[in-house]
2 protein chains.
Amino acid sequence: MALSRDQIVAAAWGILQSYGLGDLSMRRLAKDLGVQPGALYWHVANKQELLGVLAQRMVAPLSTEALDDAAPPRDRAAHLTREFRSLILAVRDGAEVVSVAHSINPESLSPVPELVALSTESGSPQGEAKYTALTLVRFTLGSVSTEQTREAMGLDTSSSEAEFTAGLELLLS
Amino acid sequence: MALSRDQIVAAAWGILQSYGLGDLSMRRLAKDLGVQPGALYWHVANKQELLGVLAQRMVAPLSTEALDDAAPPRDRAAHLTREFRSLILAVRDGAEVVSVAHSINPESLSPVPELVALSTESGSPQGEAKYTALTLVRFTLGSVSTEQTREAMGLDTSSSEAEFTAGLELLLS
DNA sequence: ACCTGAACACCGTTCAAGT
DNA sequence: ACCTGAACACCGTTCAAGT
């Protein structure tokens with residue numbers, strides 16, 4: 001049967017998970033799918049578009065996350081940010097991939113809209129809520145980027161979680 | 001005369017400044033210096049080492065920055081972080097280059113040690129000072145990364161400065 | 001000591017031509 | 001409509017051999 005966009009995305013996801021961004025080339029992807037490299041470009045505009053889809057897939061679980069909870073908004077914001085960290089941390093080079101997607105679409109990529117809603121709910125004025133959300137996301141991306149870079153180099157990452165927790169506390173106090 | 005390490009670093013710096021990380025290849029570097037690509041590897045272990053040197057050069061002005069000032073520590077920390085942002089913002093893809101260097105050496109790359117000193121001076125306990133410094137640096141790297149990614153794509157960056165200032169305020173309040 | 005020549009094992013993307 | 005074949009213009013790194 002014919003190659004499909006979904007098939008390409010699934011194969012790309014698999015390579016990213018198992019081998020990282022360095023191994024996710026269009027040529028490697030084509031080889032895994034048993035087609036010529038050029039065939040991919042019938043279904044996908046370019047590599048960047050493909051990475052954008054992978055980024056969206058990574059944060060997808062967040063949009064349905066605990067938005068109708070009973071806990072205080074501050075705690076729900078903390079929880080959502082922790083969940084965001086977990087999701088990108090679970091994928092090799094996840095921070096790098098999501099970072100580009102966030103840069104292209106800062107306001108609409110999860111968990112920014114959800115965090116804006118929570119900050120507004122807890123009494124922040126319009127503008128401040130947006131800034132708080134962006135700061136939380138950019139700090140988290142910076143933290144995970146460091147952690148995954150160190151992981152890939154075989155360096156110690158035992159203090160990463162404590163550093164993240166401290167930063168989160170600082171930002172939500 | 002013979003090729004030198006300094007000559008290589010200077011040429012690499014020039015390419016990074018003018019054309020960005022995408023154009024900074026070992027082959028392009030060799031062509032600009034009028035040598036074969038392999039010649040570079042007599043003076044430099046690999047590309048990563050070279051990028052590390054460039055990162056250090058970017059933040060070098062910070063180590064002598066306003067450490068004996070009369071202003072309150074909080075203001076000096078804010079000023080130092082702003083200066084850090086300016087330095088990496090001034091170099092194409094500066095955030096990406098410095099991010100790796102920070103990940104390899106989080107505690108010793110400027111402005112982390114200076115920020116730790118300032119936080120301690122203003123009354124923070126040992127551990128907290130380190131966390132504050134790391135959070136400031138990682139947020140800044142995340143912010144500039146977004147800004148430079150958008151710049152490279154021709155997207156609007158007019159809100160970047162306000163977003164950075166708001167985050168800084170949030171972290172140092 | 002320092003560099004060339006040449007290779008190895010790769011990249012992303014395009015596009016005429018085939019089916 | 002969808003894919004192949006083949007090319008274009010590149011990568012980082014190694015290493016025998018030359019000077």
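Residue numbers begin at 1 in each chain, while the letters A, B, ... track the order of the sequences. Here the structure is a predicted model, which means the values were calculated and not measured.
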Do Tyr131(A) and Leu170(B) have side-chain heavy atoms sitting under 4.5 Å apart? no

Rounded to the nearest 0.5 Å, what's the gap from CG on Asn105(B) to OG1 on Thr146(A)? Could you check? 11.5 Å

Donor-acceptor side-chain pairing of Ser158(B) and Asp156(B) below 3.5 angstrom: yes

For Glu49(B), is the CD atom crowded, meaning more than 12 foreign heavy atoms sit under 6.0 Å from it? yes

Can you find a pair of side-chain heavy atoms, one from Arg85(B) and one from Glu161(B), that are under 4.5 Å apart? yes

Terminal contacting nucleotides, 5' and 3', DNA chain D versus chain A (heavy atom, 4.0 Å): dA1(D) to dA7(D)

Are the side chains of Glu121(B) and Arg76(B) in touch, meaning some heavy atoms are under 4.5 Å apart? yes

Within one Ile-Leu-Val-Met-Phe-Trp-Tyr cluster: Leu21(A) and Leu40(A), side-chain cutoff 4.5 Å: yes

Between Arg27(A) and Leu40(A), the residue closer to the 5' end of DNA chain D by nearest nucleotide is Leu40(A)

Taking for Gly34(B) and for Ser25(A) the nucleotide of DNA chain C with the nearest heavy atom, the one nearer the 5' end belongs to Gly34(B)

Base, sugar-phosphate, or nothing for Ala39(B), non-hydrogen atoms under 4.0 angstrom? base

Suppose you measure atom P in dA9(D) against the same atom in dA9(C); what distance do you get, rounded to whole Å? 24 Å

Ser110(A) side chain to Glu114(A) side chain, donor-acceptor N/O pair below 3.5 angstrom: yes

Dot-bracket for DNA chain D, please. Rules: Watson-Crick or G-U, both distances under 3.5 Å, ( ) within the strand, [ ] when a pair crosses earlier ones, | for another strand, . otherwise. ||.|||||...|||||.||

